[in-house]
Asker: 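Below: one structure in structure tokens.
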Amino acid sequence: MVSKKHIRSNKRVVNFYMSDMVNFWVDIYIRLIGNPSTAMLISLVLAFFTMGIQRNIPIKEVMNSCTSSITAIGMMLLIIGGGGAFKQVLIDGGVGDYVSKLFTGTSMSPIILAWLVAAILRISLGSATVAAISTAGLIIPMLAQYDVNLALVTLATGAGSSICSHVNDAGFWMIKEYFGLSMKETFSTWTILSTITSVAGLGFILLLDASLIIAGVLIIFISIVAIYFSGFNRSKNKNNVLDI
């Protein structure tokens, strides 16, 4: 005869494997639902039903709406993907490692150093996220020998990683295509705007650091002058066009 102890032991084994199997299938289900492609497909099906079939809109009209939407955004997605691929080529080529070697053993202020490294990585790689994360990894080991406010270093990293958005940044192409701008117009607006924002941000950060107030005032003054002359030249060109 089989003992009660043996039966209880078998039940525990069965329960263990059952719970493990349930966790396995729940994990697969969550991964499936959380996949970006699956989530977009589910949202598309729901949109078809709630905004099409449920409202008695013909399928042909719904498909025409989808076709016009894809036509409008298709080229933008292609260009953004190309910019992201170019960025990844630069990253895999070791640009970040080369920049880290340039600043090895430097005695520069950690705030300015964080901004400068983030700015170079941003211009080289195009991705603000990659620039900020890479800068954090490069700067943190150097902070042990300095008495500096970590919050200011973090702000400087964020300001540097937003500088000079250009052709290797997917956001540059998104702004260009979304607003229908030419390359020249995108450079003269979006690129200059991101650069002024980054430089002015560094100036205000330096104002918060007692040892670098003069440098902060100087940088903010230069930013204001740059904004003034940029607006002056733009209005002058507009008047010349009107005169013609």
Side-chain angles (χ1 to χ4, degrees), residues 33-48 51 62-96 99 114-137 154-202 204-205 223 226-227 229-231 233-235 237-238 241:
I33 298 298
N35 184 276
S37 301
T38 307
M40 292 185 67
L41 178 61
I42 294 173
S43 64
L44 182 62
V45 172
L46 288 175
F48 271 136
M51 292 186 287
V62 174
M63 296 306 296
N64 289 335
S65 176
C66 293
T67 302
S68 61
S69 301
I70 294 173
T71 303
I73 200 174
M75 185 57 66
M76 184 190 301
L77 293 176
L78 182 63
I79 292 175
I80 292 173
F86 180 52
K87 172 207 71 178
Q88 194 62 40
V89 169
L90 293 175
I91 294 174
D92 294 340
V95 176
V99 172
W115 182 88
L116 189 60
V117 172
I120 294 176
L121 288 174
R122 159 71 162 173
I123 295 171
S124 303
L125 304 178
S127 172
T129 304
V130 174
I133 294 174
S134 301
T135 301
T154 305
L155 291 173
T157 302
S161 64
S162 65
I163 196 172
C164 194
S165 172
H166 63 104
V167 293
N168 61 357
D169 179 23
F172 175 89
W173 297 103
M174 186 169 64
I175 293 295
K176 176 185 178 300
E177 294 299 321
Y178 187 80
F179 291 102
L181 304 175
S182 64
M183 289 289 291
K184 181 180 179 181
E185 290 172 336
T186 312
F187 275 117
S188 61
T189 53
W190 178 246
T191 303
I192 292 178
L193 174 64
S194 60
T195 303
I196 292 176
T197 302
S198 176
V199 175
L202 174 64
F204 283 106
I205 292 167
S223 300
I227 294 172
F229 280 105
S230 176
N233 291 332
R234 192 175 294 111
S235 62
N237 293 334
K238 184 178 180 180
V241 171

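The figures here come from the full heavy-atom set of this structure, side chains too, leaving out hydrogens, waters and symmetry mates. This one's a predicted model, so the numbers in the text were calculated from it and none came from an experiment.
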Asker: Excluding sequence neighbours, so at least two apart, what forms side-chain contact (heavy atoms from CB on, under 4.5 Å) with T197?
Answerer: L193

Asker: Among pairs that include at least one residue of residues 185-196, which meet salt bridge (Lys or Arg N to Asp or Glu O under 4.0 Å), considering only residues two or more places apart or in two chains?
Answerer: none

Asker: Just verifying a value: how many Å separate I163 CD1 and L202 CG, rounded to the nearest 0.5 Å?
Answerer: 9.0 Å

Asker: Where is the tightest heavy-atom contact between A118 and S161, given as atom of each residue plus distance?
Answerer: CB-N, 3.7 Å

Asker: With the side chain counted from C-beta on, respond yes when M183 and F172 share a heavy-atom pair under 4.5 Å apart, and no when they do not.
Answerer: yes

Asker: Short question: side chain of T191, backbone of S188 - any donor-acceptor pair under 3.5 Å?
Answerer: no

Asker: Check whether any side-chain heavy atom of I192 sits under 4.5 Å from a side-chain heavy atom of F187, and report yes or no.
Answerer: no

Asker: Any pair with a residue in residues 122-134 that passes salt bridge (Lys or Arg N to Asp or Glu O under 4.0 Å), sequence neighbours left out, goes on the list, sorted by first then second residue, please.
Answerer: R122-D169

Asker: Evaluate M174 against W190 for side chain to side chain contact (heavy atoms under 4.5 Å, CB included), listing each step before the verdict.
Answerer: CA-CA 11 Å; M174 186 169 64; W190 178 246; over 6 Å; no

Asker: side-chain contact (heavy atoms from CB on, under 4.5 Å) with F179: which residues, sequence neighbours excluded?
Answerer: I175, L181

Asker: Looking at every non-hydrogen atom in both residues, tell me the closest pair between I120 and S124 and how far apart they are.
Answerer: O-OG, 2.7 Å

Asker: Verify the distance criterion only: is there a donor paired with an acceptor across the side chains of W115 and S198 at less than 3.5 Å?
Answerer: yes

Asker: Let me confirm one number: the CG-OG1 distance from L116 to T157, rounded to the nearest 0.5 Å.
Answerer: 11.5 Å

Asker: I'd like to check the side-chain contact (heavy atoms from CB on, under 4.5 Å) partners of I42; sequence neighbours left out, ordered by chain and number.
Answerer: I33, T38, L46

Asker: Please find the pair of heavy atoms, one from I205 and one from A156, that lie closest to each other, and give the distance.
Answerer: CD1-N, 3.4 Å

Asker: Would you please name every residue forming a side-chain contact (heavy atoms from CB on, under 4.5 Å) with S194, sequence neighbours left out?
Answerer: S165

Asker: Would you say the side chain of S182 lies within less than 4.5 Å of the side chain of T186, judging by non-hydrogen atoms?
Answerer: no

